[in-house]
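Residue numbers start at 1 and run along the sequence shown.
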Amino acid sequence: MAKIIDNQKKILLQHSLLEDLKQATEKYDQMTLITSDIDWNLVEREYLPRFGQVTLVLTKEGAIPQLPLAEDLAQALALLPQDHPDLYQAIKEGKLKVMQALGQGNTYLLLTSKSDYRLYWGYGETFWLNYGAKSAENEAWAVDELLVADLLTASKTLLDDKICQKYEELEEADRPKYVLEVSGLADALEKESLKTFKEATRLGQVKHSQEGSEFKKTAKLLRLKEAADSKKLSASDLLEGEIGDQLAKIAFSQGGGEGEAIVLPNEAAYYPRPLYLQDEATGTIIEKPAVDSYEEEPAPVQKPTRQDVSAIFDIIRFYRDRKQDNESQAAFSFLMYVLESGSIWKIRKAIDARNGIVEDVPIVVGLVGQGETGKSTLLKIASNLTIGNTKAIVQASSEEKLFGMTAAVRKKLLAGKNLTKQDRVNAYSSNAKVINKNIWNFTDHYMDEAQVITPICIDDPEVSLFSSAAAQTFLKKRSNRHGDKLGVEPVAIFSMNSKGKDIELLAEVGRRGYVISQGNQFRKKTDADIHFFEYLDGNIDNHGHWLNNTLYLYLTRQIDRWLDEMSEDDYLKLKRDFLYPVKHAFWQLVEEYGLVNTETSHYFSMKNYSIVEDLGRRNWSILLHDEATLREISFARESQECVIPARVFPNKGNDIKRYFGYLPASAEICKTFDSQGLVVNITNMDLWQGNHLLVDRYEQATGIAAERFEMEKAKAAAEVQGQTMGANIAPYLKKNAEMMDRMMKVTEQNAQLLAEKEEQAAKNEEAAAKNQEQADQIHQLQDELAKAKAKEEELAKPHEEKKRGFFDRFFK
């Protein structure tokens, strides 16, 4: 993002140049831009709709003033009507004018209205700003107006309404002559001194390694100048004669040889759009439409939705359930690398700062497998997740002009030399070594782009790309950087067709490049599968959701913050797993959105995918599923180990060491090997393979399977015999059951009658008890009445004094 310094207030503005222009749209109606490179897309999308009158001045350095004008005029007249018809129409209507000046290095952007102005000027990423009233009292305006006026005066019209109209009226054959006439190239050839052309050629020769095309053209102009001077030709003569034809070929870049014009490819045209940059100091992520664009805006980093997060698991499940063999571990590790790719440079820098081994953090990733295994789909997913589209994937197999050019032809073009007829015939090669080297050079050039973090995606190179000498050279060169040489740089993602061959990785390449195999095809595709493929390719949405780069940008920012605050414990985790930062940041989203379950937890807890282990497992599987191999394996009863003899391995035992190397030590399958063979733990081998092959064979070889079979057979016979006996006695059992039912009914009836009798007896006993109680009560009342009556009678008798006895008298 370009910095803008307010030259009057001496402050740094907190928004971009484009944002400042947008704010000034209503106040200013005219714009003049003086720059060394014009972004036609930016002019069409941002400038013309906002300003009523736009003047563009393209500045170029050139030894012969009119030569770049002629070239640019020819190119613009061929390009604009087809690629930018609205711009071309604006030129014809007088709203847009294109001019050219020479020798100016700075960029100037002037906005004006009837009363005010606003001028930006600068070079590279820094601009100063002046503004104010267009008045005589404003000294700054007087200086700025004179500066811009001088630049415009020194400029020559490249395109305006009159040039376009005249060009359209001419026949095709007459147009080159018109371009030469308007550009003044023929006039310059007549008027300029021979010394000027000689000096231009000399300078071109001195700088031919950087400016080879300029040297080539000026050398041809020198020869034409010498021919024109010897014949004393006028400018009009030059346009009509043979020299005019040669001038046209130079201006229109047609060259002087036979056959197709061979030119160096424009590599930047294949770079991703948009590009994402990152400021190394602040960590700000910047979006840029293209590598050659001046438009830069801070990228909006939004929080991913629950759908953005769950989409990752949808992809993993697809590679788990719809593949003929589960390859979800590989898919998960690949997606984690893609989502961490924007921070790989910073991870390497953090490790280097602690004297760690930066070479163990891969800077490229390669998907390897046969056709129809989902490699290209994963590459499209990567492109959708990082830039939001799949339009920037480079098709290596079809880009012969980009990757097929031979080194000899490329060297001659860079030196500005003429190509021979043989050079033109053999300009491009289909040799894998040539193409591989050019692909790595292309990748190297892309990684040199300043501050870029967007991965480059390349589809369908030869599988030998990773095993080539060029791969080792490239990866060592870029991966071994330390200290100040470490900075912001992108990674590269490849998808390669193995054509049924195992990829052979050198140890130095395997450390620096993360290779992931996709070896199994998908099951028979359903309509739902086809729909999901279209969604993964970015062609349609899935339940209203598109694959996008929101998650990538968000995780890049979160990882950067985690690295800035990394503790020693965090660093140990990073050393053990270079994908730990992205897993840590992604897992926080998984927890927040309630996506934690046994399935999602499994992927975060498992090891990262390893192609060495994967290919080893596949090769061992092929070996062990061969019946001839199984017959040679020795098993012993009650032993958990078996002996695999050396003779079963390929190349008559010479590959025993390679197959031992396939076995991961952590799986505890085999301790060591010797010339006789391998002693393998049966259970652990089956566990690593994910089957019961050796266990089944062990039981078969030791008779355990036969014993189990006999036991199962006897058990089955007993069950059959029991079923037969049951069928024979079934009628008797049925009759007995019926009799028992009848007996039970009689018993139930008798029990019911007995219960009724007992109930009646209980009622009778209760009634008798009540009657007895009543009789007892009556008897008691009668006794009480009799006693009362007797007492009454006793009281009614006359009183008689009783005679007193001896003791009565004494004890009175």
- Geometric class of the Phe313/Phe586 ring pair [parallel <30°, tilted 30-60°, perpendicular >60°]: parallel
- In terms of side-chain heavy atoms, does Asp569 have a donor or acceptor partner in Ser567 at a distance below 3.5 Å? no
- Heavy-atom pair of closest approach, residues Ser495 and Leu379: CB-CD2, 3.9 Å
- Is there a side-chain contact between Leu109 and Phe127, using heavy atoms and a 4.5 Å cut-off? no
- Note on the structure: By ring pair (Phe, Tyr, Trp, His ring centres under 6.0 Å), Tyr552 pairs with (sequence neighbours left out) none
- Shortest non-hydrogen contact from Asn497 toward Val463: O-CB, 3.5 Å
- Message: Test of understanding: with salt bridge (charged side-chain N to carboxylate O under 4.0 Å, His left out), list the residues that count as partners of Asp448, not counting sequence neighbours.
- Response: Arg478
Considering only distance and modelled atom types, tabulate donor-acceptor pairs under 3.5 Å from the side chains of residues 339-347, sequence neighbours left out.
| residue | atom | partner | partner atom | Å |
| --- | --- | --- | --- | --- |
| Glu340 | OE2 | Val582 | N | 3.2 |
| Ser341 | OG | Val338 | O | 2.6 |
| Ser343 | OG | Asp560 | OD1 | 3.3 |
| Trp345 | NE1 | Gln278 | OE1 | 3.1 |
| Trp345 | NE1 | Gly342 | O | 3.3 |
| Lys346 | NZ | Asp564 | OD1 | 3.3 |

- Grab the two heavy atoms, one from Lys607 and one from Ser666, that are nearest each other, plus how far apart they are. NZ-OG, 4.2 Å
- Message: Donor-acceptor check, side chain of Arg306 to backbone of Tyr593, threshold 3.5 angstrom: yes or no?
- Response: yes
- Message: Once side chain to side chain donor-acceptor pair (under 3.5 Å) is applied, do any residues pair with Asp541, and if so which ones, sequence neighbours excluded?
- Response: none
- Backbone of Asn389 reached by a side-chain donor or acceptor of Ser383 within 3.5 Å: yes
- Task: Keeping the roles fixed (side chain from Arg348, backbone from Ser479), state whether a donor-acceptor pair exists under 3.5 Å.
- Result: yes
- Going by distance alone, is a donor N or O of one side chain under 3.5 Å from an acceptor N or O of the other, for His545 and Gln307? no
- Task: Could you tell me whether the side chains of Trp562 and Gln558 share a donor-acceptor contact shorter than 3.5 Å?
- Result: no
- Task: State which residues pass ring pair (Phe, Tyr, Trp, His ring centres under 6.0 Å) with Phe332; sequence neighbours excluded, sorted by chain then number.
- Result: Tyr603, Phe604
- Who pairs with Tyr47 by side chain to side chain donor-acceptor pair (under 3.5 Å), at least two apart in sequence or on another chain? none
- Query: Listed by chain and number, what are the side chain to side chain donor-acceptor pair (under 3.5 Å) partners of Arg273, not counting sequence neighbours?
  - Reply: none
- Taking all non-hydrogen atoms of both residues into account, name the closest pair between Asp308 and Leu551 and its distance. O-CD2, 4.0 Å
- Heavy-atom neighbours of Glu534 CD exceed 12 at 6.0 Å: yes
- Message: If I compare all heavy atoms of Phe334 with all of Ile493, which pair ends up nearest, and what's the gap?
- Response: CE1-CG2, 3.9 Å
- Residues in ring pair (Phe, Tyr, Trp, His ring centres under 6.0 Å) with Tyr535, at least two apart? Phe532
- Check whether any side-chain N or O of Lys323 sits under 3.5 Å from a backbone N or O of Asn520 as a donor-acceptor pair, and report yes or no. yes
- Task: Check for a donor-acceptor pair, side chain of Tyr337 on one end and backbone N or O of Tyr514 on the other, with a separation under 3.5 Å.
- Result: no
- Query: Around atom CD1 of Ile357, are there more than 12 heavy atoms of other residues, nucleotides or ligands at under 6.0 Å?
  - Reply: no
- Item | Test item: side-chain donor near acceptor, Asn7 and Lys10, under 3.5 Å | yes
- Message: Any side-chain to backbone donor/acceptor pair from Asp537 onto Asn539? Under 3.5 Å, distance only.
- Response: no
- Task: Please answer whether the main-chain N or O of Gly404 pairs with a side-chain N or O of Ser429 as donor and acceptor at a distance below 3.5 Å.
- Result: no
- Spell out, as yes or no, whether a donor-acceptor pair under 3.5 Å connects the side chain of Arg481 to the backbone of Leu486. no
- Task: List the atom of Gly487, the atom of Glu280, and the distance in Å for their closest heavy-atom pair.
- Result: CA-OE2, 4.1 Å
- Message: What I'd like to find out is whether the side chain of Ser468 reaches to under 4.5 Å of the side chain of Glu462, using heavy atoms alone.
- Response: no
Review item, side-chain donor-acceptor pairs of residues 432-440, under 3.5 Å, at least two apart:
| residue | atom | partner | partner atom | Å |
| --- | --- | --- | --- | --- |
| Asn436 | ND2 | Ala432 | O | 3.2 |
| Asn436 | ND2 | Ser464 | OG | 3.0 |
| Asn438 | ND2 | Phe403 | O | 2.6 |
| Asn438 | ND2 | Met405 | O | 2.8 |
| Asn438 | ND2 | Val434 | O | 3.4 |
| Trp440 | NE1 | Leu465 | O | 3.1 |

- Message: Just to verify, what does Phe522 make a ring pair (Phe, Tyr, Trp, His ring centres under 6.0 Å) with, not counting sequence neighbours?
- Response: Phe318, Tyr319, Phe533
- Message: Given 3.5 Å as the limit, does a donor-acceptor pair link the side chain of Asp352 with the main chain of Gly483, or not?
- Response: yes
- Note on the structure: Residues passing the side chain to side chain donor-acceptor pair (under 3.5 Å) test with Asp577, sequence neighbours excluded, are Lys583, Asn608
- Message: Treating Lys375 as the side-chain partner and Gln370 as the backbone partner, does any N or O pair qualify as donor plus acceptor under 3.5 Å?
- Response: yes
- Message: Listing request: all ring-ring contact (aromatic ring centres under 6.0 Å, His included) pairs with a residue in residues 267-292, at least two apart in sequence or in separate chains.
- Response: Tyr271-Phe442, Tyr271-Tyr446
